[in-house]
K.L.:
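Here's a structure for you.
For the numbers below, each heavy atom of this structure counts, side chains included, while hydrogens, waters and symmetry mates do not. These numbers come from a predicted model, not from an experiment. Throughout, protein chains are lettered first and strands after them, A, B, ... in sequence-line order, and every chain is numbered starting at 1.
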Amino acid sequence: MNAIPRTRFMALGAALAVLLAAGAASAQTVKVAVPTFLTGGGAPTYGTASKNGVELVVRAINEGSLPAPYNSVGLAGRKIDLVVYDESGGGTKQVTELRNKVQKEGVDVVVGYVSSGSCAAIARVVEELRVLTLLTVCGTPRIFEELVKEPKYLFRIINHSTAGNVGAAHYVVKKLRNEAKDGYMGINQNYAWGQDAWRDFNLGVQTLAPELKPANKQQFPKLFSGQYGTEISVLLRAKQKVVHSSFWGGDIEALIAQGKARGLFKRKTFVFTVGEITAHRIGKKFPPGQLARGPYGLYAEGIDTPLNKWFRSEYRKAYKQPPSSPAYHYADGIVAAKYAYDTAMKANGGKFPSTDQVIKALEHATYDILAAKVKMSLGKGHQAVTSDRWGYAEWDDAKGEIVVKDVVEFKAECVNPPEGVNAADWVKGGMKGAKCD
Amino acid sequence: MTWRQDKTLWGLTIGLAALLLLNFVVPDWFRSILTLSLARGSVALGLLVLWRCGLISFGHALYFGVGAYTVGLMSRYLGITDAFLTIACGVVTAGLLAYGLGFLLRQYRGIFFALLNMAFSMILYGVLAKLEELGSTDGISLETTTYLWYAPLGAENKTALFVFAVILTWGVAVLVHLYLRSTLGNMTTAVRENEIRLGYLGYSGERAVHAKFVVSGLLGGFGGAIAALTIGHVDPDSMVYWPVSGDFVFIAILSGTGNVTAPFIGALIYELIRTYAFDKFPEIWQLIMGGTLLAIIMFLPNGLWSLVDRWRGRKAAVATLRTGKEEA
């Protein structure tokens with residue numbers, strides 16, 4: 001009678017051993033792990049697009065069909081072995097999962113992360129695990145200013161959120177001065193992202209045009225609250241015409257649906273700092289307003305680099321829609337890895353480079369991403385700066401999609417603090433050292 | 001029953017030795033999963049204590065979070081990184097909070113008790129997510145942990161933490177076991193079975209519940225503090241948000257209430273299922289977790305520990321057959 005359970009336990013043990021042993025990486029590929037939201041609220045906006053973007057570029061790199069200067073096969077000649085995994089569940093889960101990916105599955109490079117919370121949680125673990133990590137979205141400037149002051153393995157290949165909100169301030173002062181003559185106000189989610197966004201935007205406007213006044217009280221509804229009846233009433237009653245909002249995900253869609261029904265967007269001009277992604281999703285329903293964030297998504301239309309033309313046409317072919325900004329961010333992450341590996345190989349006499357050599361190639365580098373040039377000039381050569389583009393978004397009936405008009409581009413040095421200056425201190429101190437002409 | 005005859009004490013001690021030996025053979029990622037299992041297992045142990053009184057809490061992430069954030073805030077504002085001191089403070093803070101809230105919560109039973117707990121945990125979540133001083137949703141990163149005068153770096157630190165957590169958890173589990181064996185501890189079952197009769201026997205049911213609640217709060221704080229040190233970062237979404245409380249209830253259901261060892265085994269199995277579900281089915285891993293929970297409820301309603309009981313029962317039956325007489 002005892003024999004049966006014993007064999008069962010042995011079988012279980014054997015199965016466990018097989019599972020534990022699985023996942024040893026082959027030496028002739030570069031294993032790239034890509035965390036993004038595959039489940040939960042972030043999946044429809046960020047997850048799908050970023051996964052599509054990454055898969056498209058990885059396929060092209062493995063075939064060697066990406067346009068110059070990235071037209072060779074693989075990363076430094078080795079093909080990419082791609083693992084896309086889920087970013088949902090908070091910092092604890094992400095730290096555990098990163099350990100699994102690196103220590104269990106032998107991942108060489110991590111490219112990804114959408115949420116600032118994930119990035120803050122994994123930042124120090126990346127340095128401990130010594131795994132090259134390129135952050136693709138997460139906004140918070142605290143990564144290199146506070147959490148990892150001496151980075152080696154951690155990079156971010158996109159502007160931090162301060163640049164986007166300072167860009168918004170520049171655009172308002174330059175293009176919406178007349179609308180903003182009665183002042184401006186903000187509606188932002190009550191958490192780190194929303195609080196930082198409003199602070200940077202408000203101080204930016206105050207530095208550039210102190211005669212434009214913010215409303216006395218700003219709206220900070222709870223994150224993911226989904227009901228904005230009271231806030232919309234307050235906005236409608238206020239005399240200020242320009243409204244800054246860093247809403248995203250389900251919240252921005254709820255605000256648009258509820259605001260539209262009450263004529264909010266006819267009476268106010270909204271500055272949606274990350275509205276681009278939503279504009280993609282809801283298309284015609286998007287109220288004409290201002291959108292943001294750098295040379296990506298809608299704002300990359302009409303940028304004529306070979307890489308960008310290739311990406312837009314291939315993406316449309318593969319997924320039957322234009323690429324949104326998360327698709328760009330994640331694809332740019334892979335492109336950055338490609339640049340770093342190939343450059344390091346050249347410096348290494350044509351031999352496959354070590355991680356240290358790859359890191360050296362990327363630090364302080366200037367290189368092409370899909371639709372722009374990136375300079376790794378902040379955070380001791382680990383934090384990228386790019387230009388920022390702003391414009392007026394509108395539904396185009398003839399084309400059947402959203403288009404952006406009246407685009408203004410702000411130089412990277414105009415919307416980013418100089419190296420060594422904390423982003424919050426920089427906007428508080430009147431953005432000294434910004435070069436805008 | 002004397003100390004020597006207590007199988008659970010032996011089991012726990014053998015477990016302690018086994019884990020300390022495992023330290024030398026397991027890969028790093030598995031060690032971190034083991035440490036996390038100890039942390040979550042401790043909170044589930046707290047739920048077990050409550051569950052024996054017939055109470056379940058949907059808000060134990062509150063104590064977990066308070067334990068974790070105490071460690072995080074001490075590191076951020078006071079620069080204190082000593083494991084002994086931070087864990088002690090985390091446990092005491094969570095215990096004090098449980099003591100205070102206990103005065104209200106001990107009056108409630110059933111779903112009211114469960115949901116009131118959840119309400120309190122969501123208040124803490126709201127406060128943490130809104131206040132920049134407390135790290136908001138980005139959370140707080142911890143400085144490297146030290147152990148009195150010993151300040152190891154990198155992988156050595158994780159090993160030290162593992163050994164530290166294993167020994168402490170062993171101590172905690174033994175204490176809880178002894179408590180449950182005591183008269184006061186045995187009152188748990190009495191509260192569950194017939195609280196009115198307990199009253200007629202001269203004991204206060206509410207006081208008994210209050211005591212259990214403080215014990216479970218202390219355990220929650222302990223788990224949170226260990227988790228914070230393991231992860232090196234605290235944030236409201238993975239420490240205090242309501243699904244975190246759900247995870248603990250999941251582990252408690254998975255383990256069963258049979259024995260103080262059960263929650264730790266349950267927590268480890270939970271972590272392993274999640275790790276592999278996450279790995280192999282990145283888009284539907286939640287479905288697999290939910291399916292597992294359903295299967296446990298349907299086929300093993302008393303949790304994994306009921307397998308051990310069943311196995312013991314069978315052994316006893318075989319012994320009866322062989323000797324031909326009943327054992328008392």
K.L.:
Please rank A/S115, A/S116, A/G117, A/A121 by heavy-atom pairs under 4.5 Å with chain B and give me the top one.
P.N.:
A/A121
K.L.:
In terms of heavy-atom pairs under 4.5 Å with chain B, which of A/V95, A/T96, A/N100, A/L98 leads?
P.N.:
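Greatest number of close heavy-atom pairs with chain B: A/N100.
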K.L.:
Output all residues satisfying side-chain contact (heavy atoms from CB on, under 4.5 Å) with A/N202, sequence neighbours left out; order by chain, then residue number.
P.N.:
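Partners of A/N202 under the side-chain contact (heavy atoms from CB on, under 4.5 Å) test: A/Y184, A/W198, A/Q206, A/P214.
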K.L.:
Picking from A/G194, A/A192, A/G90, which has the most non-hydrogen pairs under 4.5 angstrom with chain B?
P.N.:
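Result: the option with the highest number of such pairs is A/A192.
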K.L.:
Which atoms of A/V84 are under 4.5 Å from chain B, going by heavy atoms: the side chain, the backbone, both sets, or neither?
P.N.:
backbone
K.L.:
Taking heavy atoms only and a threshold strictly under 4.5 Å, list by residue number the residues of residues 62-75 of chain B that touch chain A; give 'none' if the list is empty.
P.N.:
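Interface residues of residues 62-75 of chain B: none, nothing closer than 4.5 Å to chain A.
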K.L.:
May I ask you to name which of A/Q195, A/E146, A/R142 has the most heavy-atom pairs under 4.5 Å with chain B?
P.N.:
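The residue among A/Q195, A/E146, A/R142 with the greatest pair count is A/Q195.
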K.L.:
Scan the side chains in residues 223-238 of chain B for donor-acceptor partners under 3.5 Å anywhere in the protein, sequence neighbours excluded, and list what turns up.
P.N.:
residue, atom, partner, partner atom, Å
B/T230, OG1, B/I226, O, 2.6
B/H233, ND1, B/I140, O, 3.4
B/H233, ND1, B/S141, OG, 2.9
B/H233, NE2, B/D138, O, 2.9
B/D235, OD1, B/S238, OG, 2.6
B/D235, OD2, B/D237, N, 3.3
B/D235, OD2, B/S238, N, 3.2
B/D235, OD2, B/S238, OG, 3.2
B/D237, OD1, B/Y125, OH, 3.0
B/S238, OG, A/G91, N, 3.3
B/S238, OG, A/T92, N, 3.0
B/S238, OG, A/T92, OG1, 2.9

K.L.:
Both conditions, 6.0 Å and 45 degrees, for the charged tip of A/K101 above the ring of A/Y85: are they met here?
P.N.:
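Yes, A/K101 lies over the aromatic ring of A/Y85.
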K.L.:
Taking A/Q189 for the side chain and A/K222 for the main chain, is one N or O donor matched with an acceptor at less than 3.5 Å?
P.N.:
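Absent.
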K.L.:
If you look at every heavy atom in A/P151 and A/L154, which pair is closest and at what distance?
P.N.:
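Answer, listing the atom of A/P151 first, then A/L154: CB-O, 3.9 Å.
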K.L.:
Is the side chain of B/R31 donor-acceptor paired with the backbone N or O of B/K158 at a distance under 3.5 Å, no angle test?
P.N.:
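No, because the side chain of B/R31 does not come within donor-acceptor range (under 3.5 Å) of the backbone of B/K158.
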K.L.:
Between chain B and each of A/E128, A/E97, A/Q94, count heavy-atom pairs under 4.5 Å; write down the option with the most.
P.N.:
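Highest number of pairs under 4.5 Å: A/E97.
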K.L.:
Quick one: does A/E127's side chain have a donor or acceptor within less than 3.5 Å of a partner on A/V148's backbone?
P.N.:
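Absent.
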K.L.:
Does B/R76 use its side chain to pair, donor to acceptor, with the backbone of B/L142 at less than 3.5 Å?
P.N.:
no
K.L.:
Looking at residues at least two apart in the chain, or sitting in another chain, which of them share a side-chain contact (heavy atoms from CB on, under 4.5 Å) with A/A423?
P.N.:
A/P141, A/E145, A/H160, A/T162, A/P417
